Every structure is written in C-alpha cells, then in structure tokens.
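Only one structure is covered here, and it is reproduced in the block below.
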Amino acid sequence: MNEPIPVIRAVDHGTAKLLPDVDRERAWLLTVDGAPQSYVDLDEPTHLEFEYVQRLAHVIDHAAPTGDPLAVLHLGGGACTLPRYVAATRPGSAQTVVDSDAALLELVAEHLPMPADADITVYGTDARRWIETAPDGSADVLVADVFGGSRVPAALTSVEYARQTARVLRTGGIYAANLADGAPFGFLRSQLATFAAAFTELALIAEPSVLRGRRFGNAVLLASHTPIDTVELARRTASDAFPARVEHGKALRRLIGDAAVVRDAGAVPSPRPPEGAFSIG
C-alpha cells in the first residue's frame with residue numbers, strides 16, 4: 001500500500017502544505033505558511049483535532065435539535081472541517097463556504113474532496129463582500145474563522161460588519177467567531193464591545209489559561225438576538241480534553257470595561273501572534 005506523501009503548493013495567500021497524519025489513515029493537516037489551518041479525517045469527519053473547532057462544533061450541536069438540518073454560512077473555509085462535520089451530524093443541511101483563497105479551495109477540492117451527498121457550496125471570494133450581499137435571514141448559524149497571516153482581517157472586526165451578520169441571521173440564529181488574543185486583551189475586548197452594539201446576547205468560550213492572560217490563544221465569540229444556553233455550553237466545553245470556560249453576563253461586561261466600538265474607519269487586524277504561538281515546523 002502506498003504511503004501518502006505531503007503536498008506543497010503555492011496558493012493565493014502563501015504556501016500551503018497538506019501533511020498526512022501517520023496515526024490516521026486518511027487524515028490530513030493543512031498549513032499555510034507554517035500556521036495550522038485545518039485538520040480533516042476523510043473517513044471520520046466527526047473527528048475534530050483542534051480544540052477551538054471542537055468548541056465551534058458544540059455551538060452547532062446546540063443550535064437545533066439533534067440531527068435537524070441547518071442553513072450554515074461559513075466565512076473562512078480552509079479544508080472545510082466544520083462543513084464536513086455538519087454534513088455528517090445534520091444530513092440535509094444547506095451550507096455555504098466563502099474563502100478568499102481560491103487556489104487553496106482548488107487544492108482542497110483536488111486532494112480532500114467533499115462527501116458526494118453533502119450540500120456544500122464553496123465560493124472563492126472576499127468574506128466581507130459576500131456578507132454585504134447575502135440575503136436577510138438566510139442563515140441559522142454563521143461561523144467566522146477567517147485569518148490572513150494568522151490575523152483576523154480588519155474588515156471583519158467593525159460594527160458595520162457585525163450589523164451585516166445580524167441581518168443575515170434568522171430569528172434565533174447564532175454568530176460564532178474564532179478569534180485570537182492575549183493579555184491585556186485589547187482586541188478581544190474591542191470585539192465584545194463591537195458585537196454588543198449589534199446583538200443583545202453575547203458569550204465567550206476560552207481556556208482558563210487564556211482568560212487569565214497566561215498565554216496567547218483562541219477564543220470563540222458568540223452573539224445572538226435570543227438567549228444563549230450558556231449552562232449547556234459550559235457543560236459540554238468543560239468535558240473536553242482541554243476544558244474551556246463559558247463567560248457571559250457580568251463577567252463579560254467586566255472584561256469589556258471601557259473598550260470602544262470598532263468602526264470601519266478605525267478598524268485594524270487582530271494582533272500578530274507571538275513567535276511560535278500557532279506555527280509548526
């Protein structure tokens with residue numbers, strides 16, 4: 001039997017590598033310029049290697065009764081780990097994936113094809129441009145996992161953008177964004193303040209070591225116009241291999257403090273991660 005070999009290709013935003021997992025027969029790690037982007041197991045799409053992806057999956061699991069199909073818009077695609085997960089756990093879900101790196105999407109389609117029965121449509125275009133033209137009330141869940149050079153683009157950090165996401169969500173829908181920051185949390189605090197200006201309900205999922213400022217890491221921001229069941233989410237995230245906390249209410253208001261709402265005119269990308277925070281060899 002032939003051993004899988006790494007695939008290296010120049011894409012629109014850097015150099016992509018598909019690296020086979022020696023412990024799982026048809027599993028691959030996708031990196032761009034050394035930064036891990038996605039992990040996909042073609043035989044077991046419910047296997048989620050990255051902790052923050054597991055947390056996003058908890059949000060999707062809790063968005064509707066088990067197995068019910070959802071309309072999901074994914075801003076940021078990579079190797080489409082979450083769309084594959086949704087297709088496996090919620091058959092019949094209509095999903096749209098938007099990623100600005102068309103060459104990367106071509107690489108993924110060539111080497112990591114989508115399940116034939118999955119209703120997943122992929123577009124190689126700009127996420128902000130897409131959200132501004134998306135129909136009102138067209139998504140049950142909107143997932144934003146967009147990084148350029150390991151930083152969230154400025155265009156996806158403003159209140160103008162946040163209001164567009166609120167417009168696209170259906171009644172009861174939820175927005176979930178993968179962010180990254182470290183103490184003193186200037187970026188994270190500004191994002192919470194910004195989305196509080198567009199949504200009535202917020203929550204934040206992160207590991208205690210990140211929330212305490214001990215290290216730079218991922219945090220999942222949740223926003224909705226209806227109450228978020230933080231008790232159930234906390235139960236699920238606490239049982240993960242790397243447990244996380246769910247912050248909401250007064251704790252989030254304390255974290256936000258006097259942080260200002262971000263507007264397009266003053267928006268900047270998220271902070272550059274410290275050397276080695278996310279990169280691999």
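Keep in mind that this is a model prediction, so the values were computed, not measured.
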Are [X] and [Y] close enough that some pair of their side-chain heavy atoms sits under 4.5 Å apart?
X: Pro83; Y: Val86; value: no
X: Phe195; Y: Leu222; value: no
X: His58; Y: Thr237; value: yes
X: Val146; Y: Pro153; value: yes
X: Arg212; Y: Glu207; value: no
X: Arg163; Y: Thr165; value: no
X: Val59; Y: Ile205; value: yes
X: Val98; Y: His74; value: no

Who are the side chain to side chain donor-acceptor pair (under 3.5 Å) partners of Thr15, not counting sequence neighbours? none
Going only through I, L, V, M, F, W and Y residues with side-chain contacts under 4.5 Å, is there a path from [X] to [Y]?
X: Tyr52; Y: Val141; answer: yes
X: Phe187; Y: Val159; answer: no
X: Leu156; Y: Leu169; answer: yes
X: Phe50; Y: Val220; answer: yes
X: Leu48; Y: Leu233; answer: yes

Is it true that a side-chain atom of [X] and a backbone atom of [Y] form a donor plus acceptor pair closer than 3.5 Å?
X: Asp126; Y: Arg129; result: yes
X: Ser224; Y: Thr226; result: yes
X: Arg167; Y: Ile131; result: yes
X: Arg90; Y: Ile60; result: yes
X: Asp21; Y: Ala27; result: no
X: Arg84; Y: Ala79; result: yes
X: Arg235; Y: Thr230; result: no
X: Glu51; Y: Phe242; result: no
X: Ser158; Y: Arg263; result: no
X: Asp140; Y: Gly173; result: no

Is any side-chain N of the basic residue among Glu106 and Arg9 closer than 4.0 Å to the acidic one's carboxylate O? no
So that I can tick it off, tell me whether Glu247 and Arg254 are bridged by a salt bridge, with the cut-off set at under 4.0 angstrom between side-chain N and carboxylate O. no
Closest non-hydrogen atom pair, [X] against [Y]:
X: Pro91; Y: Pro69; answer: O-CB, 3.8 Å
X: Ala238; Y: Pro243; answer: O-CB, 3.6 Å
X: Ala176; Y: Leu56; answer: CB-CD2, 3.8 Å
X: Ala16; Y: Leu107; answer: CB-CD2, 3.8 Å
X: Ile120; Y: Ala87; answer: CD1-CB, 4.4 Å
X: Ala139; Y: Leu73; answer: CB-CB, 4.3 Å

Working for side chain to side chain contact (heavy atoms under 4.5 Å, CB included), residues Thr121 and Val97: CA-CA 6 Å; Thr121 307; Val97 179; over 6 Å; no
Nearest-0.5 Å distance, [atom1] of residue [X] to [atom2] of residue [Y]:
X: Arg170; Y: Leu142; atom1: CZ; atom2: CG; value: 12.0 Å
X: Leu192; Y: Phe185; atom1: CG; atom2: CZ; value: 10.5 Å
X: Leu104; Y: Asp12; atom1: CG; atom2: CG; value: 8.0 Å
X: Ser38; Y: Glu49; atom1: OG; atom2: CD; value: 12.0 Å
X: Arg24; Y: Asp41; atom1: CZ; atom2: CG; value: 4.5 Å

side-chain contact (heavy atoms from CB on, under 4.5 Å) with [X]: which of [options]?
X: Leu179; options: Leu188, Thr157, Asp145; value: Leu188
X: Val53; options: Leu82, Asn218, Asn178; value: Leu82
X: Pro6; options: Leu19, Leu29, Leu18; value: Leu19

Pair [X]-[Y], side-chain donor/acceptor within less than 3.5 Å:
X: Arg151; Y: Ser270; answer: no
X: Ser100; Y: His13; answer: yes
X: Asp264; Y: Tyr161; answer: no

As a quick check of understanding, evaluate side-chain hydrogen bond (donor to acceptor under 3.5 Å, both in side chains) for His225 and Glu201, giving each step before the final call. CA-CA 6 Å; His225 280 308; Glu201 301 287 335; over 6 Å; no
Would you list the pairs meeting salt bridge (Lys or Arg N to Asp or Glu O under 4.0 Å) in which at least one residue belongs to residues 92-103, sequence neighbours left out? none
Under the criterion side-chain hydrogen bond (donor to acceptor under 3.5 Å, both in side chains), I'd like the reasoning laid out for Arg215 against Ser209: C-alpha separation, chi angles, the key distance, then a yes or no. CA-CA 6 Å; Arg215 68 177 183 86; Ser209 61; 3.1 Å; yes
Apply side chain to side chain contact (heavy atoms under 4.5 Å, CB included) to the pair Leu42 and Glu25, showing each step before the final yes or no. CA-CA 9 Å; Leu42 295 174; Glu25 186 174 342; over 6 Å; no
Take Leu202 and Leu204 through the side chain to side chain contact (heavy atoms under 4.5 Å, CB included) test and state the conclusion after the steps. CA-CA 7 Å; Leu202 293 182; Leu204 187 73; over 6 Å; no
Could you walk me through whether Tyr85 and His47 pass the ring-ring contact (aromatic ring centres under 6.0 Å, His included) test, one step at a time? CA-CA 8 Å; Tyr85 176 86; His47 175 77; over 10 Å; no
Applying side chain to side chain donor-acceptor pair (under 3.5 Å), which residue pairs with at least one partner in residues 179-200 are found, sequence neighbours left out? Arg189-Asp258
Taking the six-membered ring for Trp and the full ring for Phe, Tyr or His, determine whether the centres of Trp28 and Tyr39 are under 6.0 Å apart. no
Check the pair Glu44 / Thr46 against side chain to side chain contact (heavy atoms under 4.5 Å, CB included), numbers first and verdict last. CA-CA 5 Å; Glu44 192 177 344; Thr46 58; 3.9 Å; yes
